[in-house]
Amino acid sequence: MLKIEDIEPYLMARRPELVRFAAMQLRDHDKAEDAVQETLMAAFVNLDRFEHRSELKTWLFGILKNKIVDQIRQGGRELALNDVVADDADESEFMDKLFKQNGLWRNNARPAHWVEPDESLQNQQFWRVFEACMTHLPERTARVFMMRELLELETQEICRTLAISDSNCWVILHRARLGLRNCLEIQWFGEKA
């Protein structure tokens, strides 16, 4: 069984990673600090419940994900004008050419130079570039993408939390993927999109 005095240095060493992850999600350093503080408190209080079925770091990030989702839910239903999606037939047709119905890339639309994605995912520098690319997306677009891909929320939960329609959610996800693709091709893979 883990003891607080044994685990405290480990948890404090993870703090910068946790804050960076939360800040990426919430786009507010103070809210990120709050979420991490709540995470560390929950970890200390519930340390006896850690069952070693996963890595301690995975358990810690799981707690943080829940704290972030709670903060997003509490954040209300703010709406930025640039996130309102109109029914634009041209954009819809363009998206259909790039993505399958399930949101995956069509084979002929995949980024050209992403032949070794596993190597990139293992590289910490890649994640720094990815984080920078995320910060250049519109706030709501980045939030929807992170809720879906990093926090692993279902589309219905995202729509309910942010008060958006299902189709709006999918369009926002497509825009996020396109923005990330463009940024990563230029900043990481060195190709103009």
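Numbering starts at 1 and runs along the sequence shown.
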- Message: Is the shortest side-chain heavy-atom distance between Met146 and Ile68 below 4.5 Å?
- Response: no
- Note on the structure: Scanning both residues in full, the closest heavy-atom pair of Leu153 with Arg148 reads O-NH1, 3.3 Å
- In Å and rounded to the nearest 0.5 Å, what is the OG1 to CE distance from Thr135 to Met24? 9.0 Å
- Item | Heavy-atom pair with the smallest gap, counting every atom of Val36 and Ala22 | CG2-CB, 4.2 Å
- Task: Specify the closest pair of heavy atoms between Leu64 and Phe21, including all atoms of both residues, with the distance to one decimal.
- Result: CD2-CD2, 3.6 Å
- Query: Can you tell me how far the CG atom of Leu18 sits from the CG atom of Leu60, to the nearest 0.5 Å?
  - Reply: 4.5 Å
- For Glu33, what residues pass the side-chain hydrogen bond (donor to acceptor under 3.5 Å, both in side chains) criterion, not counting sequence neighbours? Arg15, His29
- Non-neighbouring partners of Ala176 that pass side chain to side chain contact (heavy atoms under 4.5 Å, CB included), sequence neighbours left out: Leu137, Thr141, Phe145
- Query: Same cluster for Trp59 and Met41 if Ile/Leu/Val/Met/Phe/Trp/Tyr side chains link at under 4.5 Å?
  - Reply: no
- Query: Any disulfide bond (SG atoms under 2.5 Å apart) pairs touching residues 131-184, not counting sequence neighbours?
  - Reply: Cys133-Cys183
- Item | Asp166 CG to Arg160 CZ distance, which is reported to the nearest 0.5 Å | 12.0 Å
- Task: Can you see which heavy atom on Leu26 is nearest to which on Arg143, and at what distance?
- Result: O-NH2, 3.6 Å
- Can you run down the side-chain hydrogen bond (donor to acceptor under 3.5 Å, both in side chains) pairs that involve residues 16-27, sequence neighbours left out, and say none if there aren't any? Arg14-Glu17, Glu17-Lys57
- Message: Which residues pass the side chain to side chain contact (heavy atoms under 4.5 Å, CB included) test with Asp34, not counting sequence neighbours?
- Response: Gln71
- Under the salt bridge (Lys or Arg N to Asp or Glu O under 4.0 Å) criterion, do Glu131 and Arg128 qualify, and how do the steps go? CA-CA 5 Å; Glu131 185 177 332; Arg128 288 187 191 111; over 6 Å; no
- Residues in side chain to side chain contact (heavy atoms under 4.5 Å, CB included) contact with Ala42, at least two apart in sequence or another chain: Asn46, Ile63, Lys67
- CG of Leu173 to CD1 of Ile158, rounded to nearest 0.5 Å, is 6.0 Å
- Atom NE2 in His136, atom CG in Asn182: separation rounded to 0.5 Å? 12.0 Å
- Smallest heavy-atom separation, Arg140 atom then Ile164 atom, equals NH2-CG2, 3.4 Å
- Query: So which heavy atom on Lys65 is nearest to which on Leu151, and how close?
  - Reply: CG-CD2, 3.5 Å
